[in-house]
Amino acid sequence: ANTATTTGGGAYLYNCSGELIANLFEGNSANNGGGLAIQGDNILLAENEFRGNSALFGENETAFGGGFYISGSCQIEGNELVGNASDDDGGGGYVYGGRGSFDGNLLEGNTCGNDGAGIHFSRSSYTVTGNSFIDNDSSDDAGGLRIYVGNGQRVTGNEFVGNTAN
């Protein structure tokens, strides 16, 4: 397990493009992006596993994205986000800004202290298609999926089962 005091407990990709395929991010922690943090565009994030990662309050006043934190435009396809947690928003993942696709992902058993236990999209424009949101638990709003100030978001053909928001 790895720990970062601010961003990207497992890995941090800054100002880059490329592909991350079939990696395991497990038991890592940071303020933002417990498992992985990406700040960049044109990234393919596919067939990765994010398990038991945490975004924790600490040096920063935020704790976004237990599994991953992404700022930018990406294609996020066929990943498993299971059992991740955030003290704030986005237990499984948190996406800020950009455009892209979020397709065919499994988000199961993620938790958060605020909004969007499965995933939280903020000020972005992503298509959200064919994902499974199962048994995610938010202490505030949106157990499965939270979209905040979306711009042309399209949500189709997803499965939402057993998610809770308190």
Min side-chain heavy-atom separation [X]-[Y] under 4.5 Å:
| X | Y | answer |
| --- | --- | --- |
| Arg123 | Tyr96 | yes |
| Phe50 | Val82 | no |
| Asn166 | Asp140 | no |
| Ser138 | Arg146 | no |
| Leu106 | Asn79 | no |

Mind checking side chain to side chain contact (heavy atoms under 4.5 Å, CB included) for [X] and listing every partner two or more places apart, or none if nothing turns up?
| X | value |
| --- | --- |
| Asn158 | Val128, Asn131, Phe133, Val155, Phe160 |
| Ser101 | Gln75, Glu77, Asp103, Thr127 |
| Asp141 | Asp115 |

If I take atom [atom1] from residue [X] and atom [atom2] from residue [Y], how far apart are they, to the nearest 0.5 angstrom?
| X | Y | atom1 | atom2 | result |
| --- | --- | --- | --- | --- |
| Ser86 | Asn114 | OG | CG | 8.5 Å |
| Ser54 | Asn84 | OG | CG | 7.5 Å |
| Leu13 | Leu36 | CG | CG | 6.0 Å |
| Asn136 | Asn110 | CG | CG | 5.0 Å |

- Task: Treat each ILVMFWY residue as a node, draw an edge where side-chain heavy atoms are under 4.5 Å apart, and state whether Phe64 and Val95 are in one component.
- Result: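 No; tracing contacts between hydrophobic side chains, which count when under 4.5 Å, never links both residues.
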- Query: Between Ile147 and Leu107, is there a shared hydrophobic cluster once you connect ILVMFWY residues whose side-chain heavy atoms come closer than 4.5 Å?
  - Reply: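 Linked, Ile147 and Leu107 end up in one cluster.
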Cut-off 3.5 Å, no hydrogens considered: what does the side-chain donor-acceptor table look like for residues 16-26, sequence neighbours left out?
{"unit_1": "Asn23", "atom_1": "ND2", "unit_2": "Ile21", "atom_2": "O", "d": "3.3"}
{"unit_1": "Asn23", "atom_1": "ND2", "unit_2": "Asn48", "atom_2": "OD1", "d": "3.1"}

Side-chain donor-acceptor pairs of residues 66-74 under 3.5 Å, sequence neighbours excluded:
{"unit_1": "Ser73", "atom_1": "OG", "unit_2": "Arg99", "atom_2": "N", "d": "2.9"}
{"unit_1": "Ser73", "atom_1": "OG", "unit_2": "Arg99", "atom_2": "O", "d": "3.3"}

- Scan residues 28-40 for pairs that pass salt bridge (charged side-chain N to carboxylate O under 4.0 Å, His left out), counting only residues two or more places apart or in two chains.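 Of all non-adjacent pairs touching residues 28-40, none passes salt bridge (charged side-chain N to carboxylate O under 4.0 Å, His left out).
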- Task: Determine which pairs satisfy salt bridge (charged side-chain N to carboxylate O under 4.0 Å, His left out) with at least one residue from residues 30-39, sequence neighbours left out, and list them in order.
- Result: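 Qualifying pairs: none.
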- Among pairs that include at least one residue of residues 107-131, which meet ring-ring contact (aromatic ring centres under 6.0 Å, His included), considering only residues two or more places apart or in two chains?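 Every ring-ring contact (aromatic ring centres under 6.0 Å, His included) pair that includes a residue of residues 107-131, provided the two are not neighbours, is Tyr94-His120, Phe102-Phe121, Phe121-Tyr126.
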- Message: What I want to check is whether the side chains of Thr6 and Asn31 have a donor and an acceptor closer together than 3.5 Å.
- Response: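 On atom types as modelled, these side chains do not qualify, holding no pair under 3.5 Å.
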- Could you list who else is in Val149's hydrophobic cluster, with ILVMFWY side chains joined at under 4.5 Å, directly or through other members?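 Other cluster members: Tyr148.
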- Item | Side-chain hydrophobic cluster, 4.5 Å single linkage: members besides Tyr12 |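 Other cluster members: Tyr14.
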- With sequence neighbours left out, what residues match Glu108 under salt bridge (charged side-chain N to carboxylate O under 4.0 Å, His left out)?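 None.
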- For Glu47, salt bridge (charged side-chain N to carboxylate O under 4.0 Å, His left out) partners two or more places apart: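 Residues passing salt bridge (charged side-chain N to carboxylate O under 4.0 Å, His left out) with Glu47: none at all.
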- Item | Contact summary for Gly35 and Asn28, nearest pair of heavy atoms |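 Shortest heavy-atom separation between Gly35 and Asn28 comes out as CA-CB, 4.1 Å.
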- Closest non-hydrogen atom pair between Ala142 and Ala165, with its separation: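 Closest approach of Ala142 to Ala165: N-CB, 3.6 Å.
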- Task: Please step through side-chain contact (heavy atoms from CB on, under 4.5 Å) for the pair Leu145 and Ile119, ending with a clear verdict.
- Result: CA-CA 5 Å; Leu145 169 66; Ile119 192 161; 3.7 Å; yes
- Message: Against Asn32, only a single residue in Thr62, Asp88, Thr7 fulfils side chain to side chain donor-acceptor pair (under 3.5 Å); can you say which?
- Response: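 Exactly one option meets the side chain to side chain donor-acceptor pair (under 3.5 Å) with Asn32, and it is Thr62.
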